[in-house]
Enquirer: 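This structure is in structure tokens; I'll ask about it shortly.
By convention in this document, chain letters (A, B, ...) are assigned in the order of the sequence lines, proteins followed by strands, and residues within each chain are numbered from 1. Here the structure is a predicted model, which means the values were calculated and not measured.
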Amino acid sequence: MSERYEHDPIELKWQKRWEEAHCNEAKTDYTKPKFYGLIEFPYPSGQGLHVGHPRPFTAMDVICRKRRLEGYNVLFPMGYDAFGLPTENYAIKTGIHPAKVTETNIARFRAQLKRLGYSFDWSREISTADPEYYKWTQWIFLKLYEHGLAYKAEIPINFCTSCKVGLANEEVVDGVCERCGGQVIQMVRSQWMLKITEYAQKLIDDLDKVDYIERVKTQQRNWIGRSEGAEVDFIIANTDDKLTVYTTRPDTLFGATYMVISPEHPYIDKYKGRIANWDAVAKYREEAAHKSDFERGELNKEKTGVVLEGVSAINPVTKKEIPIWVSDYVLMSYGTGAIMAVPAHDTRDYEFAKTFNLPIVEVVAGGDVSKEAYTECEHGRMVNSGFLNGMEVAEAKKAIADYLEKEGIGHRKVNYKLRDWVFARQRYWGEPIPLVKCEKCGWVPLPESELPLKLPMLDDFSPTDDGSSCLARAKDWLHTTCPHCGGPAVREADTMPNWAGSSWYFLRYTDPHNDNALASPEALKYWLPVDWYNGGMEHTTLHLLYSRFWHKFLYDIGVVPTPEPYMKRTSHGMVLGENGEKMSKSRGNVVNPDDYIKEYGADAFRMYIMFMGAFDQPIPWNTQGTKGCRKFLERVWRLQDMINDAQGVRDSVKASYHATIKKVSEDIERMKFNTAIAAIMSFVNDIYATGSITRDELRTLLILLFPFAPHIAEEINEAAKLGSPIYEAHWPEYDESALVADSVEIGVQINGKVRARIMVPANAAKEEIEKLALESADVKPFTEGKTVRKVIVVKNIVNIVVA
RNA sequence: GCGGCUGUGGUGGAACGGCAUACACAGCGGACUUAAAAUCCGCCGGCGAAAGCUUGCGAGUUCAAAUCUCGCCAGCCGCACCA
């Protein structure tokens, strides 16, 4: 009898053995076929791992372990996205330096990850907060700056009037400060921006070059939000000045009965002297400043606005004078911050016009504009539109654009919803921006030799009164000399957003200890692109887009060899709390895996996290679940006592054996881990039904199990003396011919309803199956006295159509 | 609001447009045991008297729909300074 299955000693033993064998480290042999598997590196929070982390980690571990057995040189690295807000807030509260906090948190994460038996290449571990790492983050920023992709702009931040601190959107709850409940206002600051919009078209186009799951591509396309339309100039009445709008519907220009500008639009101040109701306008603008773009975009809220009295515009085609309104549903951040309102054919304009009794002029026939806006009108014909009358919408779009361009009052324009990236935070715990402001020379980049520009060691991390980070108080650090002229200069006190370090970390893994470059060209050439990147859907629009942008830039300047960073992108569903809600500290439903690992072992935990549901779907955590997988592993453990003397694979389990190899092999590739495990379970059930197992059957079973539950697989393999350690084994192949049984049962449908099941020879011709089906005793009653109109024979079903 | 997604037994889920409920969890029964646990073997969706009906609801396409299309209803995720 084998000993009882005790997970702790077994798992610790094999973790040590693998480490000593260096079997999970990527080789620098650039002649072998390579596989680069990547998962999103974690933010090392103070709470340690929660059960959501292991889902993608285990999945990619399964894939990478399989790839190694298939003979690939595998790079499966791990690191930490270590800069961030919670660590800094914790430091403000406790006075412990964020670097210290980060170090402690990383140590905990590392220990937890190692305990789970992941086959990470620990020799390549990185942290974005490490100066050796962020040196290159700063280097990339300087390259962006050098190529004109970094610029300063006036951008509002959330500012708590009570704490005197800049707040992240997340920290603003219902318009007030999350911490103190104080009033939050929008405060405009000059901040560094990155021109991601310059890459908008490439970021859309190159989605055709990569193998991302479709919903990721769709979400990226929608986020970038390309639209084709026109910019149109409206003359401000009684001036030579013009107000430019962007519209995707220039064809409806004759229906523009008023205009709306954003509360932040510069024309409000420009025409202050002429605005008769200035007090009302100023008040409205003040109120709008307290709302986020998100709140302002809420459609179901009542439309608000105020008209500019004394300032109006001229519709360039009807020549009519139309009013200009200010409303917060128009955002300064999209288009020109001004719109022409065509209430007959836009839902928001329609509601606004109804609220304020503005004229509604139908310009596309087909709807009923007395009831609602007619927006789905691509095939409608133009009316009330002068020279456009009678045209279809598409035709009218072209005609009006030609007209605008001919008359010089507008032009075709492609617009993107994508906005440039605000690349500055008024925070301490981030990468310093390596620029200084010289009185004489303006903004001057640090020379590469001065990188990394390290964060100064401080004791007090609280921000300053004006919303700057505490770096603004580190005078010794802040005041420096200009690298250009040697005169006095001041460093940038803002730091980079945490997205910076994560935008290129996959490059560093290829050559993590390189002092001379972010990675050597040889390493980049061999390892790139990442073959398979798995991450959460929540990162689809920000992180994934930001890192594609940086990569494309680095490609354009010759630093990286591929135009796209990731060949394949898949996404896992979130692990929700037991109540079905997203796990969060505030909801109090965070589950820590430690307890489960302790009680059931890492193998059982890993199996359950893969077995619990479809990988791409969100799933609530179930405390009971791990137990079932533990029971299964014990069932596998007991196979040791069932080994017989037979050789090879017995005929009695041959079909099942080969089917299992096929199913597990294919399902891992499709990330159908739950059904792969179900197949292994079924095979074990089949083995139990025979009462014994051969050594060859067991060895194969353990190899199939190894990606999911590597420790127990190694242990049984060793204890039963089945051969070399499994990490040195080859992934098994299956015999297609062994899969087919002599005869198969197929269903017979009459008019689409299953009425019978018949046995047919496995390789029977369609005609033969049809004959057997029609002759079946169970089928006869349904066909008697009726005409058989049609018989469809497919794979494992026959459908007989009778009438 | 905008964008993405989901809806199948008591529970988690399975099902290239082709026999709905694989594999598990829970439950029930049997064997073993003085007994219990563990283990092994088996049963196990609902409604209906039955024919049958039944994959959130309602239509459609098809020889055939959980799967495709449209419309509802319900829920989840993201929305640019959380990571």
Enquirer: Figure out the CE/P separation between A/Met537 and B/G4, and round it to whole Å.
Expert: 10 Å
Enquirer: Determine whether a donor-acceptor pair (one donor, one acceptor, N or O, separation below 3.5 Å) exists between the side chain of A/His539 and the base of B/A83.
Expert: yes
Enquirer: Rounded to the nearest 0.5 Å, what's the gap from CG on A/Leu545 to CD on A/Gln219? Could you check?
Expert: 11.0 Å
Enquirer: Which nucleotide, B/G13, B/C82, B/C81, lies nearest any side-chain atom of A/Ile619?
Expert: B/G13
Enquirer: How many whole angstroms separate atom OH of A/Tyr334 from atom P of B/C2?
Expert: 15 Å
Enquirer: State which of B/G18, B/U6, B/C41 makes the closest approach to the side chain of A/Tyr688.
Expert: B/C41
Enquirer: For A/Arg670, answer base if it contacts any base atom (sugar-phosphate contacts may also be present), sugar-phosphate if it contacts only those atoms, and nothing otherwise; contact means non-hydrogen atoms under 4.0 Å.
Expert: nothing
Enquirer: Where along nucleotides 21-33 of chain B does protein come under 4.0 Å, by heavy atom, of base (B) or sugar-phosphate alone (S), with - for untouched nucleotides?
Expert: -BBSSS-------
Enquirer: Do the side chain of A/Asn169 and the base of B/C81 come within less than 3.5 angstrom through a donor-acceptor pair of N or O atoms?
Expert: no
Enquirer: Tell which nucleotide pairs with B/A22, taking only Watson-Crick or G-U wobble pairs whose two distances are both under 3.5 angstrom.
Expert: none
Enquirer: In whole Å, measure the gap between the C1' atoms of B/C25 and B/C70 for me.
Expert: 38 Å
Enquirer: Kindly compute the distance separating CZ (A/Phe683) from CD1 (A/Ile687), expressed to the nearest 0.5 Å.
Expert: 4.0 Å
Enquirer: Atom NZ of A/Lys217 to atom C1' of B/G4: distance rounded to whole Å?
Expert: 16 Å
Enquirer: Atom CD1 of A/Ile619 and atom CG of A/Leu576: how far apart are they, to the nearest 0.5 Å?
Expert: 8.5 Å
Enquirer: Hunt down the Watson-Crick or G-U wobble partner of B/U6, both distances under 3.5 Å, from any strand shown, or write none.
Expert: B/A74
Enquirer: Distance check: side-chain N/O of A/Lys753 vs OP1/OP2 of B/C53, anything under 4.0 Å?
Expert: yes
Enquirer: Which value, in whole Å, describes the distance between the C1' atoms of nucleotides B/U69 and B/C79?
Expert: 29 Å
Enquirer: Considering just the side-chain nitrogens and oxygens of A/Arg425, establish if one lies under 4.0 Å of OP1 or OP2 belonging to B/C81.
Expert: yes
Enquirer: Under 4.0 Å between a side-chain N or O of A/Arg638 and OP1 or OP2 of B/C40?
Expert: yes
Enquirer: Return yes when atom NZ of A/Lys152 has more than 12 non-hydrogen atoms of other residues, nucleotides or ligands closer than 6.0 Å, and no otherwise.
Expert: yes
Enquirer: Taking the six-membered ring for Trp, are A/Trp621 and A/Tyr596 ring centroids under 6.0 Å apart?
Expert: yes
Enquirer: Please report the distance, rounded to the nearest Å, between CG in A/Leu544 and C1' in B/G78.
Expert: 13 Å
Enquirer: Rounded to whole Å, how long is the line connecting atom CG of A/Asp616 with atom C1' of B/C76?
Expert: 14 Å
Enquirer: When the P atoms of B/G45 and B/G10 are compared, how many Å lie between them, rounded to an integer?
Expert: 10 Å
Enquirer: Can you check whether A/Asn158 has a side-chain N or O nearer than 4.0 Å to OP1 or OP2 of B/C81?
Expert: no
Enquirer: If the glycosidic angle sits within 90 degrees of zero it is syn, else anti. Tell me which applies to B/G52.
Expert: anti
Enquirer: On RNA chain B, compare the nucleotides closest to A/Phe83 and A/Glu214; which residue's is nearer the 5' end?
Expert: A/Glu214
Enquirer: With P as the reference atom in both, quote the distance from B/U11 to B/C57 in angstrom, rounded to an integer.
Expert: 15 Å
Enquirer: Please report the distance, rounded to the nearest Å, between CD in A/Gln617 and C1' in B/G4.
Expert: 12 Å
Enquirer: For atom P, what is the distance between B/C82 and B/G18, given to the nearest Å?
Expert: 44 Å
Enquirer: For A/Lys217, I'd like to know if atom NZ has over 12 heavy atoms of other residues, nucleotides or ligands within 6.0 Å.
Expert: yes
Enquirer: Just how far is it from atom CD of A/Gln640 to atom CD1 of A/Ile693, taken to the nearest 0.5 Å?
Expert: 10.5 Å
Enquirer: So A/Glu745, base contact, sugar-phosphate only, or nothing? Heavy-atom distance under 4.0 Å.
Expert: base
Enquirer: Do other residues, nucleotides or ligands put more than 12 heavy atoms under 6.0 Å from A/Tyr246 OH?
Expert: yes
Enquirer: Provide the Watson-Crick or G-U wobble partner of B/G1, both distances under 3.5 Å; none if there is no partner.
Expert: B/C79
Enquirer: Rounded off to whole Å, could you give me the CG-to-P distance for the A/Leu542 and B/G4 pair?
Expert: 16 Å
Enquirer: When the C1' atoms of B/A20 and B/C72 are considered, how many whole Å apart are they?
Expert: 25 Å
Enquirer: In terms of side-chain heavy atoms of A/Asn222, which of B/G3, B/C81, B/A83 is nearest?
Expert: B/G3
Enquirer: Between A/Asn751 and A/Arg789, is a side-chain hydrogen bond (donor to acceptor under 3.5 Å, both in side chains) present by the stated rule, with each step listed?
Expert: CA-CA 10 Å; A/Asn751 290 343; A/Arg789 288 280 171 82; over 6 Å; no
Enquirer: Between A/Gln219 and A/Gly613, which has a closest nucleotide on RNA chain B that is more 5'?
Expert: A/Gln219
Enquirer: Considering every strand and a 4.0 Å limit on heavy-atom distances, what is the contact class for A/Val794: base, sugar-phosphate, or nothing?
Expert: base
Enquirer: With both distances kept under 3.5 Å, what pairs with B/U39, Watson-Crick or G-U wobble?
Expert: B/A31
Enquirer: Determine, for A/Phe708 and A/Arg606, whether the Lys NZ or Arg CZ falls below 6.0 Å from the six-membered ring centre while staying within 45 degrees of the axis.
Expert: no
Enquirer: Which whole number of Å gives the distance between the C1' atom of B/C43 and that of B/A36?
Expert: 23 Å
Enquirer: B/U61 pairs with which nucleotide, Watson-Crick or G-U wobble, both distances below 3.5 Å?
Expert: none
Enquirer: Looking at every strand, decide which applies to A/Glu171 at a 4.0 Å heavy-atom threshold: base, sugar-phosphate, or nothing.
Expert: nothing
Enquirer: Using whole Å, report how far CD1 of A/Ile750 lies from P of B/G52.
Expert: 12 Å
Enquirer: Using a distance-only criterion (donor-acceptor N/O pair, under 3.5 Å, no hydrogens), is the base of B/C81 paired with the side chain of A/Gln191?
Expert: yes
Enquirer: Pick the P atom in B/G46 and in B/G4, then give their distance to the nearest Å.
Expert: 39 Å
